Each structure stands twice: as structure tokens, then as C-alpha cells.
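This report concerns only the one structure given below.
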Amino acid sequence: METIREWFFGLGAKYGVNPLIFGAIYVGAIPLFTLSIGWLIRNMRAKKPLALPLLSGATCFVSAYVYLIVVGRHVPAWVYVVLAAVVVGGIVSTARRVSRGVAAGGEPEFDVVVIGGGAAGLTAAGIVASLGAKTLLVEGEKLGGDCTWTGCIPSKTLLKAAKVAHERRHASRYGLADADPPIDSHALMTHVREVRRGVYEHADAPPIFEAMGIDVRAGRARFVDPHTIAITRASGAEERVRARFFIVATGGRPQPVKIAGIEEVSYLTSESIFELEELPKRLIVLGGGPIGCEIAQALSRLEVETTLVQRGRHLLPKDDPELSGMLLRQLEAEGVDVVVEAEAKRVAKDGDAIRITLAAKGAERTIVADALLVAIGRRPNVEGLDLEKAGVSFEEKGIVVDDRCRTSARHVFACGDVTGRYQLTHMSEHMAKVAATNIMLKLPSRIDTRHVPWCTFTDPELAHVGTSEADLRSSGATFDVYRFPYAKIDRAVTDGSARGVLKVFAKRGSGKILGATILGESAGDLICELAVAMRNGVTLRRLADTIHPYPTLGLGVRRLADQWYVGKRSRRFVRVLQFLFGFRGPTREFTRGEIV
Ligand SMILES: Cc1cc2nc3c(=O)[nH]c(=O)nc-3n(C[C@H](O)[C@H](O)[C@H](O)COP(=O)(O)OP(=O)(O)OC[C@H]3O[C@@H](n4cnc5c(N)ncnc54)[C@H](O)[C@@H]3O)c2cc1C
């Protein structure tokens, strides 16, 4: 310790200056000097310019001696030499950058250009602009993207209308008279589009983003070179814009279907169904994922005779098969004709209708309907972007990004559906935050791949977060499955929505939550509590100890968590209590699933 002290104070004493100030600058510069060396090595490996790290290292190296110049004492001659080299190096490097910029079309006008104004692009543009970037947002159609115009908003509006109609038909469940509401599909679809316009005007319209200092331009963007894009307006006019960084957030569109005869018929997708003026009388929905299930239930409740065709064994294959099986039975009970393990073989016109032939479980089946909705997946919007001109790699699934949303070109980031990683609005927003943080703060922010929640908004809803039961089993994890039925949640009973179950997978012993899945009323809202708990290491014990208001559906989460305590309350433990404190009641073994 004494030696270090002596060394520290000796540094400045040698030059006759305040040893504390000299020593502090000298020692303080060491980590910065080390970082500069690291930067230099990285640039050497990546074959990038070395001027900046060299200048940074040299500046750190002489920083303590600059103090000698300031106080005018005993400045060694070599310090002047290094400083002169730093100044000359700085001038040369700046001149080179400027001349390179001029040669390539001048200094970029923008710090960040965001291509695509959907959930990902709007979020990214808002964050980078709020952190001081000169930002341009380019949108080819209308701000808001898929979620506002062809996705979440119109589908949830339709589902709500369908639920109201269904509830009225079954009002006797609440002691009221059942009624059969006439469905005016023209008025209904007008309502869907009005809600959509309202969301656009309140949350997505250009003036909202312009007020944040973002330059919003209409047109389709494509890369011309790594730092330049061309924007083609609807009129055909083209302008070129340069930027230091780009965020590609161009989303995706419905995957076209390949079935014999498909070119003879016109079919609906999520892009066209919400534009209908009238609903069809009979509908075939191809695809049992979230979009297919939601629209099949909504339209069936709106008096459309609906067949839902799924290639695999389960609907919603990413979800818990037990719970998706319960949902399938619910859809069937409501009158949706659900055909699983079925492959569409042929499609043809049948007068004004469409005839589709399925191979289902070894037999052929033909269904005739007035419309066909194809919801078999989505593909990324990468065509026309000329990504190769910016050095950005992509594959069939989308633009390849790492967990920091970086593409193969260091100054180009991508987020949302165009990456094909998740196809969810909240994940588009999350990825946009990650990309913006990496660009603006240079912090290694990463996608949180372990706590991704999602929900299918059928009635009942099916929601999930974290690792699935199947993945936990195949990984050999030691965990317990906790279950709590909606039928035991008082609020669900009073509300007439006692169908469903909560399932939580938690580490044996500690009760650390590894994953959760819920089928039931407001499952999408309930999963939020479990997502927060998981993300922050809140165990089942802590959830059980958290006061939840009565009577809420959320109380079901607490009561599920109470089972962690039940599991700890063995007969032996109770006997020890009796022995210690003289209690005299009967003892019995509790099962963990026992409801207390
Ligand atoms: C029926 C349906 C229901 C859905 N429901 C839900 C739900 O309940 N919850 C949920 O989380 N997710 C839901 N989704 C998914 C969700 O809509 C998407 O994940 C999300 O909107 C993707 O956002 P994004 O910003 O990545 O892409 P998008 O919203 O598709 O935005 C991309 C934008 O880029 C523009 N663009 C494309 N190319 C160019 C170009 N070259 N130049 C300029 N602009 C360009 C497009 O015009 C578009 O506006 C649903 C989707 C559908 C279809």
C-alpha cells in the first residue's frame, strides 16, 4: 500500500507540480488509454481506419503532461512532439473525412433514416429523435403499418363486436333474456374502419411525429449505396438522401398460398378482409395460427358459416397443446367447423362460390364457401430495398440481425416483422428500442429473448410467456407445474367467464418462474404480471406475499402462487410446530394442487 502511495505522489512531485492533481489525471487516463488500445485492435482486425483510436490513445497518453503545460512547469520536450503529432493527425483525418464526404455526395443530411412507419419504425424514429438525432422517417403507404391498418386494430375491433353479439345471444347466462341481434355487416365493417381511422389520427398521423422534430416523407425507399437511399414518391419523382445510420422496419405481408387452381379464384388475406363492405355467408379460413383462429371465431359469431382448416394436429402450434386443445373444443362448441391435419389440395370456382378439396386424415373432403381467407403465415418486405447495395444480408425469413438488431452492415439496423424473428407489435417496439439504444447510446442493448409474451385474442384468450412446458421437459429442467382453474376465481364466476386455467412452470424449491400459459378471460392482461415477475426474478413465494385486490382475475395469479406455500407445508413440518408450540389439531398431508 505504502509503495503504491509513494509511486502515486512521486509521479507529479518529479515535475514540482501538485502531485494529487497530476497523479489523478495520470491514473484516470489509464483505463481510457486501455480502451483506446482495444478500439485500435478492433479496427485493425476489421480493417477500419485507425486514425481516431490512435489519436484517442495518444491524447490519453499525454493528458497528465498537458497539466504541466497549463501550470507552465518542466514540460518534457517529447510531450510537445506527441501533441504536435495529435494536432497534425487530427487535421489530416478530418480533412480526409470531409474530402471523402464531398466525393461521396457531401456530409449526410441525417443522423438516422428510418425506413417504414409501422410499430417498429414509429417507435425507433421517436426514440432516436428524442435523443437528439436528426431523423427522417420514410413511409411507402400510411404511417401505422400493419397493426393499425390490417392487423391488431381492425381484428380486435371485429372480435369485440363479435363478442357483444355472442353475449347478447347467450344473455340468459346472466339472468337476462337471450336476444338475436341482427348483424348489419355493412355498418359493422364501417365501424371497424372508423375505429382504425381514430387510432391513426390519435397515434400515428404525420403531424404527431413532425411535432417531435422528425422529418416525415412519403415514398418508397431503396438503397443506392451504403449511406444513400432513393425515395420514390407516388408521382414517380425521386430524391436521394444520405444518413449515418439506417433502421430498416419495412414489416411483412401475407404469405401467398400455393394450391392447384388458386390462380382461378380471388381470395382474401388480412390485407383485404377489413376492406369488405359485406361479410360472406360462408367462409373457409386456411391456417390455424393466431390470425386464422381470431378471424374464424369473430366471423362465426357474426353469423358467417365458418370452416377453419389447419395443417398440423394443433391450432396455435406455438402454444401449450393442452390449452390450445381446450380452445379448439370451445370453437367447435360455438359452431366453427375445425378441420385439423388437413392439406388443401385443390381449389376451384363453383359458380359464384369457391370449392376447396382437402386431404384430411387419409380421406378427401370438399368444402364450398363464398370466400376463402388465407392466413398461412407472413413474409418479409425485403424486395425493392436493394439491400445488397448497403451490404445487408437477408434470407427467406427476413433480414438477418443479431440480438442487438445489427445487420451485416454495421451502420444498418433492422427491427420488427422484416427480420422474421417475431411477428408481434410489442416485439417490433422492443426491437426498435434495442436498435435505437445501440445507435444513440452505443450501449450493447439486446433483445430480451427469454421473456417474450404473446396472446391470441380469441374468447377465451390464450396467452404465454417464457419457456414452454415441452421445452422445459426436453431440456431436463427440474420444475413443477402449478395450475389454477378459472372456476375457482370468484370474479370469473360472477362475470360468467369461469372457463379456462392458469398454468405456471416454476423451478422446484425456489419457485422461480420459468414460463406461464393462460387460457381464459383477459389472459393477455394476466400474463403481464407473470412477465414482470419473471423478468425481475420475482418468485412464486413473493407473488403469494403480494396483496392482490378482491375480487379480481389477478387474484387467481396470487392463489396459484399460494400453492408454493402449500407444497412446503408437509405433515412433518406441522408435527414440528405442534411439538414446539403445543398445538393439538389433526395433521394431514396436503397435495400441492390443493386449493386453499
Ligand atoms: C390480422 C392481424 C392481427 C394481428 N394482431 C396482433 C396482435 O393482436 N398483437 C400483436 O402483437 N401483433 C399482432 N399482429 C402482428 C402485428 O401487426 C405486426 O407484428 C406489426 O404490425 C409489425 O410491425 P412492423 O413495424 O415490423 O411492420 P409494419 O407494421 O408492417 O410496418 C412496415 C411499414 O413499412 C412500410 N414499407 C415497406 N416497405 C417500404 C419501403 N420500401 N419504403 C418505405 N416504407 C416501406 C409499409 O408500408 C409499412 O407501413 C397482427 C397481424 C395481423 C395481420
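Start at 1 and go down the list; that is how both ligands and their atoms are numbered. Position 1 is the first residue of the sequence, and the numbers go up from there. Values below: all heavy atoms of this structure, side chains included; hydrogens, waters and symmetry mates excluded. All values reported here derive from a predicted model rather than from experimental measurement.
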> Heavy atom under 4.0 Å from ligand 1: found in Phe457's side chain, backbone, both, or neither?
Replying inline: side chain
> Out of Thr425, Ile273, Ile291, Thr456, whose heavy atom sits nearest atom 20 (C) of ligand 1?
Replying inline: Thr425
> Where do Val340 and His314 land on the side-chain contact (heavy atoms from CB on, under 4.5 Å) test, with the steps shown first?
Replying inline: CA-CA 7 Å; Val340 291; His314 303 285; over 6 Å; no
> Which atoms of ligand 1 are found less than 4.0 Å from any heavy atom of Gly118?
Replying inline: 25 (O), 29 (O), 31 (O), 33 (C)
>> Can you name the atoms of ligand 1, numbered from 1 with element, that are less than 4.0 Å from a heavy atom of Val138?
In response: 43 (C), 44 (N)
>> Could you identify the single nearest non-hydrogen protein atom to atom 46 (C) of ligand 1 and state the distance to 0.1 Å?
In response: Glu139 OE2, 3.4 Å
>> Taking only non-hydrogen atoms of Gly384, do any sit less than 4.0 angstrom from ligand 1?
In response: no
> For atom 14 (N) of ligand 1, what's the nearest protein heavy atom and its distance?
Replying inline: Cys152 SG, 3.8 Å
> Who gets closest to atom 37 (C) of ligand 1 by heavy atom: Thr148, Ile153, Thr250?
Replying inline: Thr250
> Leu159 versus Glu294: any side-chain heavy-atom pair under 4.5 Å?
Replying inline: yes
> Any idea which part of Arg378 is under 4.0 Å from ligand 1, heavy-atom wise: side chain, backbone, both or neither?
Replying inline: side chain
>> I want to check something: taking the side chain as every heavy atom from C-beta on, are Ile127 and Met440 in contact at a cut-off of under 4.5 Å?
In response: no
>> I'd like to check whether Leu424 has a polar contact with ligand 1, where a contact means an N/O of the residue lying under 3.5 Å from an N/O of the ligand.
In response: yes
> Taking heavy atoms and a distance under 4.0 Å, where does Ser155 meet ligand 1: side chain, backbone, both or neither?
Replying inline: side chain
> Are any of the side-chain heavy atoms of Val114 and Val248 separated by less than 4.5 Å?
Replying inline: no
> Relative to ligand 1, is Cys147 under 4.0 angstrom through side chain, backbone, both or neither, heavy atoms considered?
Replying inline: both
> Just which atoms of ligand 1 are under 4.0 Å from any heavy atom in Gln423?
Replying inline: 15 (C), 19 (O)
> Taking distance alone, with no angle check, do Lys156 and ligand 1 share an N/O pair under 3.5 Å?
Replying inline: yes
> Is the backbone N or O of Gly252 less than 3.5 Å from a side-chain atom of Arg378, with the two atoms forming a donor-acceptor pair by type?
Replying inline: yes
> Do Glu305 and Lys281 meet the salt-bridge criterion of a basic N to acidic O distance under 4.0 Å?
Replying inline: no
> Just checking, any donor-acceptor pair under 3.5 angstrom between side chains of Ser324 and Asp319?
Replying inline: no
>> Within the structure provided, determine whether Asp459 and Glu521 are in side-chain contact (heavy-atom separation under 4.5 Å).
In response: yes
> Could Arg240 and Asp225 be called an ion pair, given the rule that one side-chain N must be under 4.0 Å from one carboxylate O?
Replying inline: no
> Do Gly151 and ligand 1 have an N or O pair less than 3.5 Å apart?
Replying inline: no
> Tell me, do Glu322 and Arg483 make a side-chain contact under 4.5 Å, heavy atoms counted?
Replying inline: yes
> Between His411 and His227, how do the two ring planes meet: parallel, tilted or perpendicular, split at 30° and 60°?
Replying inline: parallel
>> Judged on heavy-atom distance to atom 1 (C) of ligand 1, which of Thr150, Leu143, Asp204, Val248 sits nearest?
In response: Thr150
>> Looking only at distances, can you tell me whether any N or O atom of Ala120, backbone or side chain, sits closer than 3.5 Å to an N or O atom of ligand 1?
In response: yes
> Do Asp215 and Arg217 pass the side-chain contact (heavy atoms from CB on, under 4.5 Å) test, and can you show the C-alpha distance, the side-chain angles, and the key distance before you say yes or no?
Replying inline: CA-CA 7 Å; Asp215 189 337; Arg217 293 190 198 167; 2.8 Å; yes
>> Minimum distance, heavy atoms only, to atom 18 (C) of ligand 1: which one of Ile229, Asp417, Thr123 is it?
In response: Asp417
>> Starting from atom 39 (C) of ligand 1, what is the nearest protein heavy atom, named by residue and atom, and what distance separates them?
In response: Arg220 NH2, 3.3 Å
> So which bit of Ser428 gets within less than 4.0 Å of ligand 1, heavy atoms only: side chain, backbone, both or neither?
Replying inline: side chain
> If you count the non-hydrogen atoms of other residues, nucleotides and ligands that lie under 6.0 Å from NZ in Lys258, is the total more than 12?
Replying inline: no
>> Counting the benzene-type ring for Trp, do His426 and His430 have ring centres under 6.0 Å apart?
In response: no
> Quick one: nearest non-hydrogen protein atom to atom 42 (N) of ligand 1, plus distance?
Replying inline: Ala221 N, 3.0 Å
> Identify the closest protein heavy atom to atom 34 (O) of ligand 1: which residue and atom is it, and at what distance?
Replying inline: Gly116 CA, 3.2 Å
>> Below the 3.5 angstrom mark, is there an N/O of Leu385, backbone or side chain, next to an N/O of ligand 1?
In response: no
>> Testing Asn381, Asp146, Thr150, Thr269 one by one against Arg253 for a side-chain hydrogen bond (donor to acceptor under 3.5 Å, both in side chains), which residue passes?
In response: Asn381
> Counting heavy atoms only, which of Gly289, Gly121, Gly140 comes nearest to atom 44 (N) of ligand 1?
Replying inline: Gly140
>> Show the atoms of ligand 1 that are less than 4.0 angstrom away from any heavy atom in Ala249.
In response: 32 (C), 33 (C), 34 (O)
> Which atoms of ligand 1 have any heavy atom of His426 under 4.0 Å away?
Replying inline: 11 (O)
> Which of the atoms in ligand 1, numbered in the order shown and given with their element, are less than 4.0 Å from a heavy-atom of Gly416?
Replying inline: 26 (O)
>> Could you tell me if the side chain of Asp386 sits less than 4.5 Å from the side chain of Val224, heavy atoms only?
In response: no
> Judging by distance only, is a nitrogen or oxygen of Asp146 under 3.5 angstrom from one on ligand 1?
Replying inline: yes
>> Taking distance alone, with N or O pairs closer than 3.5 Å, would you say Ser270 contacts ligand 1?
In response: no
> Can you list the atoms of ligand 1 that are under 4.0 Å from a heavy atom of Gly219?
Replying inline: 42 (N), 43 (C)
> Are any non-hydrogen side-chain atoms of Tyr422 and Asp417 less than 4.5 angstrom apart?
Replying inline: no
>> I'd like to check which ligand 1 atoms, numbered from 1 as shown, lie under 4.0 Å from a non-hydrogen atom of Gly251.
In response: 26 (O), 27 (O), 28 (P), 30 (O), 32 (C)
> Can you tell if the side chain of Phe245 reaches within under 4.5 Å of the side chain of Asn438, non-hydrogen atoms only?
Replying inline: no
